Amino acid sequence: AQLAAGRHREAADLFATGLAIDPSQFDARADYVRTLVALDRPEEAERAFMPGADRARNDLRWAALARLVEAALARARAPEVRSTAALRDDVTAAPADPATRLRLAQALMLDGDWRGAMDEALALVAIDRRWGDDAGRRLMLACFELCPDGALVRDYRRRLSSGLFNA
């Protein structure tokens with residue numbers, strides 16, 4: 001209810017209390033991680049994520065959370081990561097640089113610009129599908145899992161599939 005009302009701090013406090021009582025509640029833990037990322041508390045999100053990290057190998061939701069935490073940590077740890085507008089300028093200056101595209105895609109994902117994040121992830125796949133241990137495709141799959149817009153996800157699933165099979 002707190003999340004639905006946009007009260008992230010209150011929700012984070014409730015998740016923390018609940019997980020202190022029963023740390024095995026992985027659905028609540030996943031929501032807690034997303035809440036901490038939304039509150040721009042990436043180090044705490046990483047700590048909250050770690051008890052479920054093994055799940056990322058077999059669970060799409062946890063794999064998506066891994067990408068989300070990775071993006072939040074990258075933003076927090078890299079002072080050169082500036083505004084989204086500056087990152088767009090960087091991509092314009094070096095359109096074939098996969099690292100630059102990944103930084104922009106991660107920033108857009110963190111900002112909730114799902115279309116923009118998926119566009120950049122697709123561009124990254126087109127530049128070099130295998131770059132960064134398949135970073136573009138993995139980020140795209142995270143967006144599919146986290147994006148609340150089912151129609152948008154269906155459209156980009158089709159685009160990704162088409163791009164992978166036509167490559």
Side-chain angles (χ1 to χ4, degrees), residues 1-78 81 98-99 101-122 124-125 129-161 163-164:
Q2 296 293 342
L3 281 179
R7 293 190 291 270
H8 290 94
R9 283 190 191 99
E10 293 84 353
D13 292 343
L14 290 171
F15 284 130
T17 301
L19 290 168
I21 295 167
D22 185 357
S24 69
Q25 295 299 314
F26 286 98
D27 286 340
R29 182 172 298 283
D31 290 337
Y32 183 44
V33 169
R34 285 190 75 174
T35 301
L36 291 170
V37 169
L39 289 169
D40 196 24
R41 292 163 45 187
E43 290 83 10
E44 290 176 66
E46 180 182 38
R47 284 192 300 276
F49 172 80
M50 292 313 294
D54 287 346
R55 292 172 173 263
R57 282 181 256 158
N58 301 319
D59 184 313
L60 293 175
R61 182 179 189 193
W62 281 86
L65 287 172
R67 300 292 76 75
L68 185 67
V69 170
E70 179 181 278
L73 288 168
R75 177 184 271 177
R77 293 180 178 160
V81 175
R101 288 233 180 237
L102 178 62
R103 282 193 302 273
L104 177 57
Q106 288 175 324
L108 293 167
M109 179 178 68
L110 289 170
D111 293 344
D113 180 351
W114 300 108
R115 182 180 303 278
M118 289 187 274
D119 281 340
E120 292 305 323
L122 275 178
L124 179 54
V125 168
R129 178 178 171 197
R130 290 180 176 77
W131 179 86
D133 193 25
D134 208 10
R137 186 186 63 81
R138 291 185 313 130
L139 186 75
M140 186 73 130
L141 295 176
C143 289
F144 293 164
E145 186 66 25
L146 298 170
C147 177
D149 184 340
L152 185 65
V153 168
R154 281 189 297 281
D155 180 39
Y156 277 86
R157 278 188 192 279
R158 181 188 51 75
R159 291 182 192 194
L160 177 63
S161 177
L164 291 175

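From a predicted model like this one, the values you see are computed outputs, not experimental measurements.
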Item to check | Leu139 and Leu102: CA distance, side-chain angles, deciding distance, side chain to side chain contact (heavy atoms under 4.5 Å, CB included) verdict | outcome: CA-CA 9 Å; Leu139 186 75; Leu102 178 62; 4.3 Å; yes

Item to check | Full working for salt bridge (charged side-chain N to carboxylate O under 4.0 Å, His left out) between Asp40 and Arg75 | outcome: CA-CA 10 Å; Asp40 196 24; Arg75 177 184 271 177; 5.7 Å; no

Item to check | Asp119 and Arg115 ion-paired at < 4.0 Å | outcome: no

Checklist outcome for this item: To the nearest 0.5 Å, atom CG of Asp149 lies from atom OH of Tyr156 at 10.5 Å

Checklist entry - By side-chain contact (heavy atoms from CB on, under 4.5 Å), which residues pair with Arg55, not counting sequence neighbours? => result Phe26, Asp59, Trp62

Next on the checklist: So, taking the atom named CZ in Arg67 and the one named CE in Met140, what distance separates them when rounded to the nearest 0.5 Å?
Outcome noted: 15.0 Å

Next on the checklist: Minimum heavy-atom separation for Arg9 and Leu39, please, with both atom names.
Outcome noted: CG-CD2, 3.8 Å

Item to check | Working for salt bridge (charged side-chain N to carboxylate O under 4.0 Å, His left out), residues Arg61 and Glu145 | outcome: CA-CA 6 Å; Arg61 182 179 189 193; Glu145 186 66 25; 5.8 Å; no

Next on the checklist: Given 3.5 Å as the limit, does a donor-acceptor pair link the side chain of Ser161 with the main chain of Arg157, or not?
Outcome noted: no

Item to check | Shortest non-hydrogen contact between Tyr32 and Ala12, atoms and distance | outcome: CE1-O, 3.4 Å

Checklist entry - Does a side-chain N-to-carboxylate-O contact under 4.0 Å join Asp31 and Arg34? => result no

Next on the checklist: One pair to check against side chain to side chain contact (heavy atoms under 4.5 Å, CB included): Phe49 and Val37. What are the steps and the verdict?
Outcome noted: CA-CA 11 Å; Phe49 172 80; Val37 169; over 6 Å; no

